[in-house]
Every structure is written in C-alpha cells, then in structure tokens.
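Read through the structure below, which is laid out as structure tokens, and then see the notes.
Below, all heavy atoms of this structure are taken into account, side chains as well, without hydrogens, waters or symmetry copies.
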Amino acid sequence: MAQPTQPAPVSDGQTVYPAAFFAPYNPVNASDMVARVPGFELKDGDERRGFASAGNLLINGERPSSKTAASELLKRIPASNVTRIELLSGSSAGLDVRGQSQLVNVVVTQTAAKGGGTTWSLGLRHLQYSNRVGWLVQASRAVQLSPQAELGLDVQFPNLLGRGDSRDRLVNASGVQTGARRLLGKPQNIGAQGSATLRWRPTSMDTVNANIQLAPTWNHLDTIQSEVTGTGAPRSLLIGRSDFEANYTGELGADWERQLGGGLSAKLVTLVSNGSVDQRDVFNIQNFPATFVTRTQDRTTRNGERIARGRIKWTVNQAHTLEFGGEGAFNYRDTTFNITNQIGGGPVVKVPLAVSDARVEETRGEVFATDVWTVSPALTLEYGLSLEASRITQTGDPQKERSFRFVKPRATATWTMGPAGTLRASLVRDVAQLDFAEFSSTVDFVNAAATQGNPNLVPEKAWKARLEWETRLAPRTALTVAAFADRVDDVRDLVEIAGADAFGNIGRGSRLGLEARAATPLAFIGLPNAELRFNGVWQRTRVTDPITGEQRSFSVPLERQGTTAGSPTLNLGNKDWAYVLTFRQNMPSWHLSWGASVVDWSDRSEHRRLEVISYERPLPRLDLFLETTAIRPVTVRVFANNVLSPRETRTREYFQGARATGRIDRLEIRRALGGPEGLRTEGFQVSGRF
C-alpha cells in the first residue's frame with residue numbers, strides 16, 4: 001500500500017508527518033527531515049541545568065540521555081529508519097515533554113523493517129583568503145542486533161582550515177589617525193568523533209537507551225600582527241603560535257524506563273561527561289626600535305559533569321497525569337594559567353595574575369512534581385514545582401563556598417481552538433546555568449583584553465511569561481506568533497573588580513519581545529514546488545548600567561556572542577533583533593533543487609570598565625545552494641555561503657577614566673576581512689545511503 005504523503009492532525013493539537021512527506025527533499029538522515037517540518041525550529045542547546053527542560057527533541061517518545069547537540073544526534077539516524085515525525089504540544093500528557101511549548105518526536109523503526117541502515121557524507125570546502133581546502137568525512141550505520149535491539153554507529157573526521165585578516169585604524173579623540181594595525185590569523189582545526197547509540201527493548205515493559213561519544217581534536221593557530229605609527233614608521237611586530245595539544249570531550253549516557261502497570265512508569269537517566277584542553281601560546285614581540293620580548297602563556301582546563309535523574313509517572317485517570325522525581329548533579333572545572341615574560345636574553349619572569357588557578361565544584365539536588373490536567377478535549381493545564389539546592393566551592397587562588405536554594409514554579413495552558421489553531425500561555429520561574437569558565441581569569445594578549453575571574457557570581461534568575469498562537473492552514477503552511485516578557489534578576493554582565501573587568505551580576509532588568517515563525521508554499525505566485533520560511537525575533541532589553549547609572553540594553557560580551565556561521569539557524573542572544581529567511585524550490589523533472597537563505601541581526605555592543613566595544617555589519621549573510629538527486633540515492637550539493645562577505649566593523653571607544661565621564665580618549669576601528677562572518681565559503685558535499 002502506498003504511504004500517506006500529507007500530515008495528519010490529531011485531536012490534541014498534534015500533527016503527524018509521515019516519512020513520505022519528506023521524500024521531495026531526498027533526506028539522508030533524520031536531521032534533514034526535522035529541518036523541513038513547517039513552522040518548527042530545533043533547539044541545539046539552551047545551556048540548561050541538568051536534564052530539566054533540556055531541548056525540544058524526542059526520539060521514540062524519550063528525551064535523549066545526552067547533551068550532544070540535537071542536530072548531531074539526528075544525523076546518526078538514517079532517513080530510511082524514520083517512520084514518521086510528530087509535532088507535539090508541550091501539554092501532551094503521555095510523553096516526556098515538560099518545559100517546552102513545541103517539540104518533535106522522531107519515531108524510528110528497526111533496520112530490518114526498513115532495509116538499509118548506512119548513511120555517508122563527503123565534503124570539501126574552501127574558505128576565503130585561506131588558500132587551503134578543508135574536508136569533512138562522516139558515516140553512520142544502524143546495525144540490528146536482535147528484533148528488539150539496534151546499535152547506531154557514527155564516525156566523523158572534520159578538518160577546518162581558515163584564515164582571518166583584519167585592519168585597525170588607531171584614532172585619537174580629535175579624529176586624527178595615530179597609527180594602523182594589521183592582524184593575520186591562520187587556524188587549523190583537525191578532529192575526529194566516534195559515537196555509538198543503543199536502543200533496546202529487553203521486555204515489553206522495559207526500554208533501554210545508551211550512548212557513548214569521544215571527540216579528540218588537534219588544533220593550532222598562527223598569528224602575525226604588525227603596527228605602525230601615523231607616519232607609517234614601524235611600532236611593533238608580533239609573531240605567535242597557539243597549540244591546543246590535548247583536546248577531547250567524552251560522554252557516556254543511559255536511560256531505563258519500566259512500565260509498572262496501573263498507569264505507573266519509572267525512568268532513570270544517568271550521564272557522565274569529561275573534557276580536557278591544554279593550550280600553549282608563544283608570542284615573540286619586537287617593539288621598535290630595540291626591545292624584544294618573548295611572552296609565553298600556558299593554560300590547562302579539565303571539566304566534567306555527573307547527572308542522575310529519576311522520575312515516576314502516574315496516569316491517574318483520563319484527566320490527570322502526575323509526574324514526580326528528583327535529580328542530582330556534580331559539576332567541576334579545574335583551571336591553571338601561567339604567564340611569563342623574557343625581555344631580550346634576560347631571565348624568565350612570571351607575570352602575576354589574580355584568580356589564575358581555580359577549581360570550581362558544584363553539587364546540586366532537585367526534587368520536582370508536575371500535574372497535566374486535561375480539563376476538556378480542547379483545554380490542557382500543566383503546572384508544577386521544582387525545589388533546588390546547590391553548593392558551589394572554589395579552591396585555588398580564592399577560597400570560597402556558597403549555598404543556594406531556588407523555588408521554581410511553572411504553569412502552561414494550551415487551548416486547541418480547532419484543527420488549525422492552538423493558543424498557549426505560560427509563566428515560568430527560570431534559573432540560568434552558571435559558566436564556570438567565568439570563575440577564573442582569562443587574557444587575550446593579541447586583542448589587549450583581560451577578564452578577571454569572579455568567585456562571587458550568582459545564577460541569573462527570571463520570571464518568564466509567554467503567549468503563543470499557532471495555526472496550520474495547509475499541509476505545508478504554518479504560522480506561529482509569540483509575545484514574551486521577562487523580569488530578570490541578577491542580570492549577567494560585565495562588572496569592575498579591583499580595577500579590572502569581570503563577569504558579574506548588575507541587578508534587575510527586563511526583556512520584552514515578539515517572535516514569529518512561518519512556512520508557506522509559493523505555488524500561489526507561480527512558483528510550483530517552492531517554499532519560503534521565516535524565523536525572526538525582536539526584543540527590547542533594559543538594565544541600569546553600574547558605571548553610568550543610565551538605562552541601556554543588556555550587554556553582549558564577546559566570549560558568549562553566538563553566530564550563525566555554518567548553518568542558517570537563529571541565535572538571538574542579547575541582540576535587539578535577528579531573522580532567518582529561507583527559500584527552496586524543487587524541480588522534480590530535472591532532479592534538481594536550489595535555494596537561498598538570508599541571515600541578519602542587529603548591531604551589538606559590549607560595555608566594559610573603560611571602553612565600549614561595538615559591532616556593526618552593513619550587509620546580511622547570504623547562502624546559496626544547488627542540489628541534484630539524479631544519481632539516487634546520492635545527493636550532490638554545491639554551495640556558496642556568505643556570498644556578500646559582509647565586513648564587520650568593530651569599534652573600541654576608550655574613555656578618559658571611567659565611562660561615566662563620557663570623554664573619549666581614543667578609538668580603534670577594525671574592519672574584519674576574515675573571521676566567523678566575514679569569510680565567503682565555497683564547496684560541495686556528496687551524501688547518500690545504502
């Protein structure tokens with residue numbers, strides 16, 4: 001019998017997309033399929049605490065017991081093994097969907113039932129200015145161990161070869177150029193990644209999932225920076241090399257769920273992860289006319305996480321589903337950082353640095369309870385409460401121990417207005433994840449920027465209210481519009497500690513915004529087999545600047561500023577607005593598809609103690625691609641990313657004394673001819689399955 005090709009709505013607002021719905025896109029893996037679900041955006045990670053509200057992806061109705069990016073997990077599942085994809089409301093009582101308004105559930109069958117379980121991908125790319133070609137090799141295999149067990153294997157070998165080129169103009173307060181600087185960077189990032197995933201049904205009452213992943217990398221960066229005076233005379237020359245010698249990340253996770261009968265089920269989830277980085281920077285600096293300095297920086301980082309989570313789910317009756325349980329976690333990050341200078345042939349002198357050696361440990365426990373109340377076929381309420389207690393201990397340069405307790409209520413109402421409309425409203429108390437890297441000091445010698453470690457950091461908290469309306473007007477047409485308002489306590493930003501910049505908390509702030517996602521076919525304007533997608537967010541953030549006392553937007557420190565490099569996905573962060581617009585047209589008679597995506601976001605700024613750093617891009621990012629499936633089941637994709645090659649301008653305004661004076665001392669204006677968003681990339685990728 002022929003498979004259905006159109007999505008089917010169900011009574012509680014869910015929509016089921018059969019595998020045949022995605023056939024026009026010739027998907028190779030499950031990631032290709034999820035990317036084509038109308039009106040949905042997969043979240044690769046929110047830096048959440050533990051497994052609570054982690055991601056918006058389910059596989060066979062279960063959250064993955066992994067913190068690997070959701071898109072990476074989906075790439076390991078051959079498209080031929082996917083039976084259907086279900087778009088779910090966050091109020092679906094029968095599945096593990098807490099904390100999200102919208103999720104996808106990828107339903108996977110065993111290899112024998114579908115036939116063929118291997119996918120592969122080979123790609124080459126050239127990065128603008130690099131004069132080198134990088135590559136990516138990936139292969140995934142699904143192996144059926146028994147009628148109830150399947151093993152998924154995945155290997156990847158990425159090699160990214162790039163080049164950065166930027167030019168600085170140095171200007172005084174009167175606008176007179178006092179010098180110029182050029183910075184060249186040549187990175188080489190070589191890696192490998194191996195992973196295995198087990199899906200096993202030992203009995204009709206038990207489900208077991210396990211995964212393991214190991215990803216070593218071997219990276220280095222060559223740097224040359226030259227500076228001249230306003231008259232063109234040489235001022236300094238820096239030649240440096242950074243080696244990352246022992247980089248790896250590893251993860252082992254598993255979950256076990258058992259149906260106990262009487263509407264009861266129990267689930268246990270565990271995760272162990274580790275990471276390690278050894279970094280050595282050697283800079284040889286000639287300060288003209290005579291001084292020669294060798295600066296060496298050695299940094300080691302070891303980090304890890306241990307999580308155990310258990311929960312009991314009880315379907316009391318058709319109206320109520322209760323869920324309660326607990327989670328325990330242990331996180332650590334151990335850092336050492338040493339800097340030495342050698343002037344000429346003189347002695348090696350150690351440079352003192354506050355909070356250079358630090359070990360941070362967090363022990364955390366949480367208990368939670370949730371009730372999903374199906375008031376009527378059209379109205380569902382989800383409400384719950386989590387109680388969290390944690391202790392953070394820091395040893396090394398500073399010695400400090402602190403304890404925290406948080407009460408985190410949440411409530412969501414979902415009203416299914418009809419087969420084509422759903423309205424959701426939610427109110428959540430959210431606690432952000434601390435970044436332990438900000439507890440120890442960092443130094444960027446090339447960019448003359450340092451951040452001191454702050455052992456007094458506290459998590460950012462927020463009351464988050466959201467109202468969302470979703471409608472699905474046709475099989476491939478969807479529209480979601482949402483308004484959100486957050487009251488944020490202990491806003492994370494940059495503060496001053498002992499005359500130095502540091503990450504810290506600057507009080508209460510607010511965030512108001514609108515979000516829209518849309519997908520529509522374009523046959524009505526004469527473009528058959530074409531579709532347009534849009535995902536955009538606008539927001540207004542306000543907080544009191546601790547130095548000037550004025551209201552401003554949340555700052556966006558460079559260390560946490562995300563980009564959309566490599567894929568057309570939305571990463572708003574604290575930018576005022578951002579959007580992604582994607583067009584695709586299939587030409588079945590020619591076995592061709594082509595398309596384009598446009599990504600753009602607002603200017604952004606970073607407020608430091610003595611300076612303001614602003615970033616501006618005159619043009620959006622434009623990606624183009626052409627695909628052919630003439631040789632099935634092989635897909636050949638030719639692409640040109642960042643075609644417009646917008647050259648981002650970074651302006652550093654240095655003030656006389658504190659920023660509160662408002663008196664500018666000097667400016668550094670950089671035009672990046674290369675970098676994460678300044679590079680044009682051309683290449684091709686061949687992928688297939690068998």
_Using the rule given for side chain to side chain contact (heavy atoms under 4.5 Å, CB included), can you reason through Asn247 versus Trp218, listing the C-alpha separation, both sets of side-chain angles and the distance that settles it, and then say yes or no?_
CA-CA 7 Å; Asn247 295 3; Trp218 301 270; over 6 Å; no
*Dump the intermediate steps for side-chain hydrogen bond (donor to acceptor under 3.5 Å, both in side chains) on Asn586 and Ser593, then the final yes or no.*
CA-CA 4 Å; Asn586 299 325; Ser593 299; 2.7 Å; yes
*Walk me through it: do Trp200 and Asn209 pass the test side-chain hydrogen bond (donor to acceptor under 3.5 Å, both in side chains)?*
CA-CA 6 Å; Trp200 181 32; Asn209 298 286; over 6 Å; no
*Could you go through the side-chain hydrogen bond (donor to acceptor under 3.5 Å, both in side chains) check for Thr300 and Thr336 one step at a time?*
CA-CA 5 Å; Thr300 66; Thr336 65; 2.5 Å; yes
*Go through Phe583 and Trp594 one step at a time and tell me if the side chain to side chain contact (heavy atoms under 4.5 Å, CB included) criterion holds.*
CA-CA 8 Å; Phe583 167 83; Trp594 74 281; 3.3 Å; yes
*Is there a side chain to side chain contact (heavy atoms under 4.5 Å, CB included) between Leu581 and Arg533 once you walk through the steps?*
CA-CA 6 Å; Leu581 185 65; Arg533 290 172 175 249; over 6 Å; no
*Could you give me the CA-CA distance, side-chain angles and deciding distance for Gln213 and Arg76, then say whether side-chain hydrogen bond (donor to acceptor under 3.5 Å, both in side chains) is met?*
CA-CA 12 Å; Gln213 176 177 293; Arg76 304 171 190 173; 2.3 Å; yes
*salt bridge (Lys or Arg N to Asp or Glu O under 4.0 Å) between Asp222 and Arg163, worked out*: CA-CA 9 Å; Asp222 293 313; Arg163 184 174 185 269; over 6 Å; no
*Run the side chain to side chain contact (heavy atoms under 4.5 Å, CB included) check on Arg311 and Arg309 step by step: do they pass?*
CA-CA 7 Å; Arg311 66 112 170 105; Arg309 181 180 179 88; 5.6 Å; no
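Among residues two or more places apart in sequence or in another chain, the side chain to side chain contact (heavy atoms under 4.5 Å, CB included) test is passed with Arg132 by Ser130, Leu161, Lys186, Gln188. Evaluation of the side chain to side chain contact (heavy atoms under 4.5 Å, CB included) rule for Ala35 yields no partner, not counting sequence neighbours.
Pro27 approaches Asp32 most closely through the heavy-atom pair CB-CB, 3.7 Å. Between Trp120 and Val686 the shortest heavy-atom distance is CZ3-O, 3.4 Å. Closest heavy-atom contact between Ala596 and Leu624: CB-CD2, 3.5 Å. Minimum heavy-atom separation, Asn56 to Glu41: ND2-O, 3.1 Å. Taking both residues in full, the closest heavy atoms of Lys75 and Ser31 are given as CG-CB, 3.8 Å, listed atom of the first, atom of the second, then distance. Shortest non-hydrogen contact noted between Asn81 and Ala142 is ND2-CB, 3.7 Å.
The closest donor-acceptor contact from the side chain of Asn529 to the backbone of Met587 lies at 3.5 Å or more, if one exists at all. No side-chain donor-acceptor contact under 3.5 Å links Asp255 to the backbone of Val208. Under the 3.5 Å distance criterion, the side-chain polar atoms of Arg84 are left unmatched by any main-chain donor or acceptor of Ala20. Judged purely by atom type and a 3.5 angstrom limit, Arg258 has no side-chain atom pairing as donor or acceptor with the backbone of Thr207.
Using a 4.5 Å cut-off on side-chain heavy atoms (C-beta onward), Ser440 and Arg299 make contact. Residues His220 and Gln279 fail the side-chain proximity criterion, which asks for heavy atoms closer than 4.5 Å. Between Glu86 and Val107, the closest side-chain pair of non-hydrogen atoms falls below 4.5 Å. Side-chain atoms of Leu214 and Tyr248, non-hydrogen and from C-beta on, do get closer than 4.5 Å to each other. Side-chain contact between Leu532 and Gln585 is absent, with no heavy-atom pair separated by less than 4.5 Å. Counting heavy atoms from C-beta on, the side chains of Lys267 and Lys313 never come closer than 4.5 Å. Put simply, the side chain of Leu592 reaches to within 4.5 Å of the side chain of Leu626, judged on heavy atoms. Side-chain contact check for Asp623 versus Val598: every heavy-atom pair is 4.5 Å or farther apart.
Remark: Arg584 is not positioned above the aromatic ring of Phe625, lacking an NZ or CZ atom under 6.0 angstrom from the ring centre and at most 45 degrees off the axis. Geometrically, Arg36 does not engage Phe21 in a cation-pi contact, judged by NZ or CZ lying under 6.0 Å from the ring centre and within 45° of the ring axis.
In this structure, OG1 on Thr217 lies 7.5 Å from CG on Asn189, to the nearest 0.5 angstrom. Between the CG atom of Asn274 and the CG atom of Asn303 there is a distance of 7.5 Å, given to the nearest 0.5 Å. The distance from atom OG of Ser597 to atom CG of Asn535, rounded to the nearest 0.5 Å, is 12.5 Å. Summarising the geometry, atom CG belonging to Leu74 is positioned 5.5 Å from atom CD1 belonging to Ile59; distances are rounded to the nearest 0.5 Å. Expressed to the nearest 0.5 Å, how far CG of Leu434 lies from OG of Ser390 amounts to 8.0 Å. Taking CZ from Arg680 and CD from Gln128, the interatomic distance works out to 4.0 Å, rounded to the nearest 0.5 Å.
Surrounding CH2 of Trp256 are at most 12 heavy atoms belonging to other residues, nucleotides or ligands under 6.0 Å away. Residue-environment remark: CG (Leu122) exceeds the threshold of 12 foreign heavy atoms within 6.0 Å. At most 12 heavy atoms of other shown residues, nucleotides or ligands fall within 6.0 angstrom of atom CH2 in Trp314.
With ring centers used as reference points, Trp601 lies 6.0 Å or more from Tyr579.
Arg280 and Asp243 are not joined by a salt bridge, as no carboxylate oxygen comes within less than 4.0 angstrom of a charged side-chain nitrogen. Here Arg201 does not pair with Glu150 in a salt bridge; the nearest charged N to carboxylate O distance is not below 4.0 Å. Ion pairing of Asp435 with Arg333 is absent here, as no side-chain N (NZ or NE/NH1/NH2) approaches a carboxylate O to less than 4.0 Å. Salt-bridge formation is detected for the pair Arg359/Asp334: a Lys NZ or Arg NE/NH1/NH2 atom is positioned less than 4.0 Å from an Asp or Glu carboxylate oxygen. The pair Arg364-Glu327 meets the salt-bridge criterion, with a side-chain N (NZ, NE, NH1 or NH2) lying under 4.0 Å from an Asp/Glu carboxylate O.
Ring orientation note: the planes of Phe22 and Tyr17 are tilted relative to one another, at an angle of 30° to 60°.
Pairs passing the salt bridge (charged side-chain N to carboxylate O under 4.0 Å, His left out) check and including a residue from residues 207-216, sequence neighbours excluded, do not occur.
A donor atom on one side chain and an acceptor atom on the other are not found under 3.5 Å apart for Thr681 and Asn641.
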